[in-house]
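All values derive from a computational prediction rather than experimental measurement. We name chains A, B, ... by the order of the sequence lines, and we start the count at 1 in each one. All values below were derived from every heavy atom in this structure, side-chain atoms included, with hydrogens, water molecules and symmetry-related copies excluded.
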Amino acid sequence: MQRHLITSAIPYINGVKHLGNLIGSQLPADLYARYQRARGNEVLFLCATDEHGTPAELAAAKANQDISEYCEEMHAVQAQLADGFRLSFDHFGRSSSQENHKLTQHFAGQLEAAGLIKEVIETQIYSHVDRRYLPDRYIEGTCPACGFEDARGDQCDNCTKQLDPTDLINPRSSISGATELEQRETKHLYLCQSNMRDNLENWIESKTDWPVLTTSIAKKWLHDGDGLQDRGITRDLDWGIPVKKGNSPWPGMEDKVFYVWFDAPIEYIACAQEWVNAGIHTLSFPATILGSGEPWKLVDYIKSFNYLNYDGGQFSTSRGRGVFMDDALKILPADYWRWWLLSHAPESSDSEFTWDNFQSSINKDLADVLGNFVSRVTKFCRSKFGEEIPSGGDYGQAEGSLIDNLASQVKCYEKYMEKIEIRKAASELRAIWALGNEYLQSSAPWSVYKEDEGTAAAQIRLALNLIRIYAVLSQPFIPTTSEKLMLAMDCDDWSWPENVLEATNTLIAGAKFTVPEMLFQKISDEECENWRSQFSGTR
RNA sequence: GGGCCUGUAGCUCAGUUGGUUAGAGCAGAGCGCUCAUAACGCUUUGGUCGCAGGUUCGAGUCCUGCCGGGCCUACCA
């Protein structure tokens with residue numbers, strides 16, 4: 001038995017995520033976690049919300065809420081949506097947890113002891129009216145280069161010039177519009193990533209099996225310009241993890257908190273402690289971890305994704321364009337979305353969601369190929385033999401070759417799942433479903449029944465067993481449907497079909513089953529039309 | 001501006017270290033079946049593999065340039 005610790009990028013607390021976010025992180029992780037569990041391996045699948053930072057504070061203020069209340073509420077919302085999509089987290093934590101406070105402070109202390117932290121005096125903009133320091137992008141003003149009046153402190157949206165907030169003419173707070181801004185010198189901690197460069201490079205070079213997308217970005221950062229830059233890891237904010245060296249105070253850093261990018265990834269580990277309060281082997285953030293000098297387990301594999309586009313453009317959180325997780329569940333069950341998203345995962349390049357494609361995929365794959373298979377088998381059996389697994393007859397040559405084919409396709413499916421080649425795994429699974437229809441067509445129990453009831457019974461017995469096997473194999477993709485199938489077969493044996501011949505004899509003659517309700521309702525043209533216009537923008 | 005990824009049948013995508021007639025699903029066409037959500041099965045029509053050169057006995061698969069899509073990043077590789 002293997003042990004797997006699986007996480008995905010942790011979603012920011014601010015707002016409901018769209019389907020592009022979902023397929024880019026949590027959903028593939030869930031697929032893999034479910035698969036590994038199904039194979040009998042020990043899995044700890046963790047996720048959490050990333051809760052610190054200015055955007056969250058401002059969202060809370062806008063909602064007229066205390067920041068901690070806001071986060072608590074939004075965490076509950078996200079947890080509920082995750083549940084709705086059947087994301088099988090063993091724990092869904094929060095980067096604001098006490099465990100993360102402790103662990104983040106611990107890492108900072110270790111890094112300091114290792115000589116990897118330095119103090120830097122930097123200049124930040126303080127707004128008296130807002131009574132807070134403002135990040136660059138929350139300062140607006142006139143661009144010195146092109147005269148654009150709404151340039152942001154980090155970049156001018158008009159001429160794309162990179163800016164410092166101090167470059168702006170007539171700078172103002174984008175929150176309050178206040179112009180009483182003051183440049184203040186403030187002391188912050190920096191992580192000396194540059195000292196870690198060789199260490200990191202060796203580690204990344206060793207990861208030859210990672211996607212190019214993952215390593216090329218890392219290498220770029222390592223080699224570009226002056227190489228890896230040291231980065232500030234603290235901020236002057238109220239909401240966050242207080243700066244400490246382990247349990248001890250950090251002189252001169254009172255009233256400061258760690259910067260969100262430092263504490264958020266540590267939550268990968270901390271949320272495991274929220275779950276199992278013990279030392280664990282886990283993964284995380286290389287510079288921090290390597291630098292700690294402690295024997296933390298580093299991540300083995302990182303799967304990265306491209307983007308899912310929406311109907312000719314991009315999903316947009318700010319413009320409310322595309323389908324968001326909450327709306328998605330309001331119009332269709334989770335399995336519909338899971339199937340489409342996973343079978344079209346943007347693995348090698350961007351992929352695109354269109355309603356036409358969605359409609360035809362769902363109707364064909366789920367309703368026709370899988371749903372109708374279950375329907376024709378169970379209804380035929382009910383009408384000829386009643387609602388129990390029929391007895392009589394034996395498997396013959398046709399059944400033998402079906403079982404052989406199924407066995408080799410299951411192996412193929414396993415191979416893709418192991419390698420996390422999601423689209424290929426999905427198409428293999430679909431081919432396995434189709435195998436059932438091919439078998440029925442060629443064995444034609446409805447004709448055989450007229451001459452030889454026993455043989456027809458054996459054929460249907462096999463087909464009913466296929467339904468159970470499909471439930472097991474399909475569970476990582478469409479868990480709710482799998483449960484319905486199992487329930488219909490009145491069975492609770494989720495064992496993986498290691499031996500397909502055995503697996504086709506799991507449901508034995510005489511056992512009861514029921515004809516399930518229609519598994520998948522087809523999507524009509526009208527529905528598609530309505531949704532297309534409903535989700536075209538600004539929800 | 002730089003770096004990286006990408007452009008294959010109407011649509012969504014596969015194409016291993018360059019090697020015989022470029023594949024799948026959907027859509028289209030034909031045939032078959034009738035148990036089933038007018039579902040299923042079989043057969044089949046579609047591609048000068050973005051464009052132009054080059055290397056090679058041979059390139060979708062390597063090199064150069066151009067055009068298009070995307071990502072990362074920035075007074076610099």
Side-chain angles (χ1 to χ4, degrees), chain A residues 20 24 145 154-156 159-164 167 211-229 304-309 311-314 339-385 390 412 415-416 419 421-431 433-450 456-457 459-460 463-464 467 515-524:
Chain A
D154 55 346
Q155 180 175 36
C156 173
C159 68
T160 74
K161 185 176 171 57
Q162 295 292 308
L163 301 170
D164 265 335
D167 297 336
V212 181
L213 192 64
T214 306
T215 52
S216 65
I217 292 174
K219 287 180 184 173
K220 174 99 170 85
W221 282 40
L222 282 170
H223 298 296
D224 268 16
D226 302 327
L228 194 58
Q229 299 298 303
S304 40
F305 289 86
N306 290 278
Y307 283 83
L308 178 67
N309 291 318
D311 213 8
Q314 297 188 335
W339 174 254
W340 190 89
L341 289 169
L342 288 166
S343 63
H344 293 78
E347 285 178 294
S348 53
S349 62
D350 288 358
S351 62
E352 173 154 332
F353 177 95
T354 63
W355 287 102
D356 284 350
N357 187 303
F358 179 69
Q359 178 190 28
S360 68
S361 293
I362 294 303
N363 290 354
K364 197 69 196 170
D365 300 348
L366 295 184
D368 293 346
V369 177
L370 177 60
N372 182 54
F373 172 76
V374 171
S375 175
R376 66 196 295 208
V377 170
T378 53
K379 286 180 179 169
F380 179 79
C381 186
R382 180 174 61 185
S383 75
K384 306 299 183 201
F385 303 102
C412 200
K415 182 186 75 187
Y416 289 136
K419 293 166 69 178
E421 296 207 38
I422 299 175
R423 299 176 81 126
K424 289 180 180 175
S427 87
E428 200 59 41
L429 179 59
R430 195 196 119 105
W433 296 337
L435 220 47
N437 286 316
E438 291 164 24
Y439 169 74
L440 284 186
Q441 188 63 32
S442 64
S443 58
W446 48 90
S447 305
V448 172
Y449 179 80
K450 295 169 189 162
Q459 291 168 336
I460 288 302
L464 288 164
I467 293 175
V515 174
E517 293 290 303
M518 185 177 285
L519 289 174
F520 301 101
Q521 200 75 45
K522 289 198 187 184
I523 297 168
S524 69

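- In this structure, the side chains of A:Lys522 and A:Asp368 come closer than 4.5 Å at one or more pairs of heavy atoms.
- In this model, a donor atom of one side chain and an acceptor atom of the other lie less than 3.5 Å apart for A:Asn357 and A:Trp340.
- The pairing partner recorded for B:G60 is none, the criterion being a Watson-Crick or G-U wobble arrangement whose two distances lie under 3.5 angstrom.
- Look at B:G47: it lacks any Watson-Crick or wobble partner with both distances under 3.5 angstrom.
- Along RNA chain B, the nucleotide closest to A:Lys424 and the one closest to A:Ser383 are compared, and the more 5′ of them pairs with A:Lys424.
- Here the side chains of A:Ile523 and A:Asn363 are in contact, with some heavy-atom distance below 4.5 Å.
- Here B:U12 presents its C1' atom at 13 Å from CZ of A:Phe353, a figure rounded to the nearest Å.
- Here the side chains of A:Thr378 and A:Pro516 are in contact, with some heavy-atom distance below 4.5 Å.
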Protein-nucleotides 25-31 of chain B N/O pairs under 3.5 Å:
from: B:G25; atom 1: O3'; to: A:Arg430; atom 2: NH2; distance (Å): 2.9
from: B:C26; atom 1: OP1; to: A:Arg430; atom 2: NH2; distance (Å): 3.4

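- A:Leu341 has its CG atom 14 Å from the C1' atom of B:U12, to the nearest Å.
- To the nearest 0.5 Å, atoms CG (A:Leu440) and OG (A:Ser442) are separated by 8.0 Å.
- A:Pro390 has its side chain within reach of A:Leu464: a pair of non-hydrogen atoms, C-beta onward, lies under 4.5 Å apart.
- The distance between atom CH2 of A:Trp355 and atom P of B:C11, rounded to the nearest whole Å, is 21 Å.
- With a cut-off of 3.5 Å on both Watson-Crick or G-U wobble distances, the partner of B:U12 is given as B:A24.
- Under the Watson-Crick and G-U wobble criteria, each requiring two contacts below 3.5 Å, nucleotide B:G1 is paired to B:U73.
- Nucleotide B:G41 forms a Watson-Crick or G-U wobble pair with B:C31, both donor-acceptor distances falling under 3.5 Å.
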Are there any protein N/O atoms within less than 3.5 Å of an N/O atom in nucleotides 36-38 of chain B, and if so, which ones and at what distance?
from: B:A36; atom 1: O3'; to: A:Ser375; atom 2: OG; distance (Å): 3.3
from: B:A36; atom 1: O2'; to: A:Asn372; atom 2: OD1; distance (Å): 2.3
from: B:A36; atom 1: O2'; to: A:Ser375; atom 2: OG; distance (Å): 3.2
from: B:A36; atom 1: N3; to: A:Asn372; atom 2: ND2; distance (Å): 3.2
from: B:A36; atom 1: N3; to: A:Arg376; atom 2: NE; distance (Å): 3.2
from: B:U37; atom 1: OP1; to: A:Lys379; atom 2: NZ; distance (Å): 2.4
from: B:U37; atom 1: N3; to: A:Phe520; atom 2: O; distance (Å): 2.9
from: B:U37; atom 1: O4; to: A:Phe520; atom 2: N; distance (Å): 3.2

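- Base pairing of B:G18: no nucleotide in any strand meets the Watson-Crick or G-U wobble criterion (both distances under 3.5 Å).
- A:His344 NE2 to A:Trp339 CH2: the interatomic distance, rounded to the nearest 0.5 Å, is 9.0 Å.
- Between the side chain of A:Ser375 and the backbone N or O of A:Gly371, no donor-acceptor pair lies under 3.5 Å.
- A 4.5 Å side-chain heavy-atom check between A:Glu421 and A:Glu428 finds every atom pair outside the cut-off.
- Comparing B:U12, B:C35, B:C42 against the side chain of A:Glu438 picks out B:C42 as the nearest.
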Pairwise N/O distances under 3.5 Å, protein to nucleotides 6-8 of chain B:
none

- Item | Trace of the ring-ring contact (aromatic ring centres under 6.0 Å, His included) decision for A:Phe373 with A:Tyr439 | CA-CA 11 Å; A:Phe373 172 76; A:Tyr439 169 74; 8.8 Å; no

- Task: Dump the intermediate steps for ring-ring contact (aromatic ring centres under 6.0 Å, His included) on A:Trp355 and A:Phe358, then the final yes or no.
- Result: CA-CA 5 Å; A:Trp355 287 102; A:Phe358 179 69; 5.8 Å; yes

